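If you scroll down you'll find the structure; I have some questions about it.
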Amino acid sequence: MSVKILIKRTVPDICVEGLDLLLRRMRSVCLMQPGYVSGQTLRRMDKPGEFLVISTWESLKDWENWFNSAARNEIQNEIDHLLGEETRFEIYS
């Protein structure tokens with residue numbers, strides 16, 4: 001069963017460009033992961049500092065493998081450091 005992961009971040013204006021670069025890097029690594037289906041990045045219209053990434057995976061196990069990978073964690077740590085807070089993840093099926 002496929003799963004969708006909602007990844008939510010609050011981004012100060014001065015960090016938008018840096019976040020964009022990190023998300024592109026994350027996506028390029030993610031594309032090579034088994035079970036990855038698709039991803040979409042959205043910027044909230046009524047609250048410009050809020051971003052939502054919708055990531056689709058073939059299974060929960062595929063997502064968990066990616067989530068626990070060293071490659072993802074390295075980039076994720078850079079993102080959280082840039083933003084000054086932890087990214088929020090929600091899993092749906």
Side-chain angles (χ1 to χ4, degrees):
M1 171 189 328
S2 69
V3 295
K4 293 201 180 277
I5 313 303
L6 303 184
I7 305 166
K8 299 177 180 182
R9 298 179 176 99
T10 302
V11 184
D13 286 340
I14 61 170
C15 296
V16 170
E17 189 174 319
L19 176 65
D20 185 54
L21 292 172
L22 289 167
L23 290 180
R24 287 176 193 269
R25 203 167 108 210
M26 179 84 80
R27 173 117 353 121
S28 71
V29 176
C30 190
L31 288 170
M32 299 179 289
Q33 300 308 304
Y36 177 75
V37 176
S38 66
Q40 182 178 22
T41 302
L42 305 170
R43 188 172 188 173
R44 191 165 163 179
M45 297 293 293
D46 61 332
K47 294 185 181 179
E50 291 188 22
F51 284 76
L52 172 67
V53 174
I54 303 171
S55 184
T56 304
W57 293 82
E58 289 180 7
S59 70
L60 180 59
K61 184 67 176 164
D62 290 327
W63 161 252
E64 289 171 341
N65 288 339
W66 166 243
F67 185 82
N68 293 314
S69 74
R72 189 204 71 84
N73 281 306
E74 179 182 326
I75 300 167
Q76 185 61 55
N77 288 337
E78 290 182 53
I79 290 170
D80 290 348
H81 179 74
L82 175 72
L83 302 181
E85 65 179 50
E86 290 188 18
T87 300
R88 299 175 308 278
F89 299 90
E90 299 172 359
I91 303 170
Y92 293 85
S93 65

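If you're wondering where the values come from, they're calculated on a predicted model, not measured in any experiment.
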Next on the checklist: Using 0.5 Å steps for rounding, measure from the NZ atom of Lys4 to the CD atom of Gln40.
Outcome noted: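 One gets 8.5 Å once the value is rounded to the nearest 0.5 Å.
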Checklist entry - So how far is it from Ile75 CD1 to Arg27 CZ, rounded to the nearest 0.5 Å? => result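 Between atom CD1 of Ile75 and atom CZ of Arg27 there are 12.0 Å.
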Item to check | Distance-minimising heavy-atom pair for Gln76 and Phe89 | outcome: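 Looking at all heavy atoms of both residues, the closest pair is OE1-CZ, 3.7 Å.
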Checklist entry - Linking I/L/V/M/F/W/Y whenever any side-chain heavy atoms sit under 4.5 Å apart, do Val11 and Leu82 land together? => result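 Yes, it is one cluster - the side chains of Val11 and Leu82 are joined through contacts under 4.5 Å.
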Checklist entry - Given side chains that start at C-beta, do those of Leu60 and Phe67 come closer than 4.5 Å, heavy atoms only? => result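 When only atoms from C-beta onward are counted, Phe67 and Leu60 do not touch, as no gap falls below 4.5 Å.
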Item to check | Ile5-Leu83 co-clustered via ILVMFWY side chain contacts under 4.5 Å | outcome: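 Yes; tracing contacts between hydrophobic side chains, which count when under 4.5 Å, links both residues.
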Item to check | Hydrophobic cluster identity match, Val37 and Val29, side-chain contacts under 4.5 Å | outcome: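 Per the 4.5 Å side-chain linkage, Val37 and Val29 are not co-clustered.
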Next on the checklist: Evaluate Glu78 against Met26 for side chain to side chain contact (heavy atoms under 4.5 Å, CB included), listing each step before the verdict.
Outcome noted: CA-CA 11 Å; Glu78 290 182 53; Met26 179 84 80; over 6 Å; no
Item to check | Side-chain touch Val53/Arg9, heavy atoms, less than 4.5 angstrom | outcome: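 Answer yes - side chains close enough.
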Checklist entry - Do other residues, nucleotides or ligands put more than 12 heavy atoms under 6.0 Å from the CD atom of Glu90? => result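 Yes, the 6.0 Å shell around CD holds more than 12 heavy atoms from other groups.
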Checklist entry - Does the side chain of Thr10 come within less than 4.5 Å of Arg88's, by heavy atoms? => result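 Sidechains of Thr10 and Arg88: in contact.
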Side chains of residues 12-23: which donor-acceptor partners sit under 3.5 Å, not counting sequence neighbours?
{"residue": "Asp20", "atom": "OD2", "partner": "Arg24", "partner atom": "NE", "Å": "3.0"}
{"residue": "Asp20", "atom": "OD2", "partner": "Arg24", "partner atom": "NH2", "Å": "3.4"}

Item to check | Exercise: identify the closest heavy-atom pair between Met32 and Ser28 | outcome: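 In this case the closest contact between Met32 and Ser28 is CE-O, 3.7 Å.
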Checklist entry - To the nearest 0.5 Å, how far apart are OG in Ser59 and CE in Met1? => result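 Those atoms lie 10.5 Å apart.
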Item to check | pair Ile54-Leu6: side-chain heavy atoms closer than 4.5 Å | outcome: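 Heavy-atom side-chain distance check passes, below 4.5 Å.
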Next on the checklist: When you group the ILVMFWY residues by side-chain heavy-atom contacts below 4.5 Å and let the links chain together, are Trp63 and Leu31 in the same group?
Outcome noted: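 In one cluster: yes.
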Checklist entry - Is there side-chain contact between Gln33 and Asn65, with heavy atoms separated by less than 4.5 Å? => result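 The answer is no; the side chains never approach within 4.5 Å.
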Next on the checklist: Is any side-chain heavy atom of Arg44 closer than 4.5 Å to one of Lys8?
Outcome noted: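 A side-chain contact is absent here, since even the closest heavy-atom pair is not under 4.5 Å.
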Next on the checklist: To the nearest 0.5 Å, what is the distance between OG1 on Thr56 and CG on Asp62?
Outcome noted: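 So the OG1 of Thr56 and the CG of Asp62 are separated by 12.0 Å.
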Next on the checklist: Per the ring-ring contact (aromatic ring centres under 6.0 Å, His included) rule, what does the pair list look like for residues 18-41, sequence neighbours excluded?
Outcome noted: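 Found Tyr36-Trp57.
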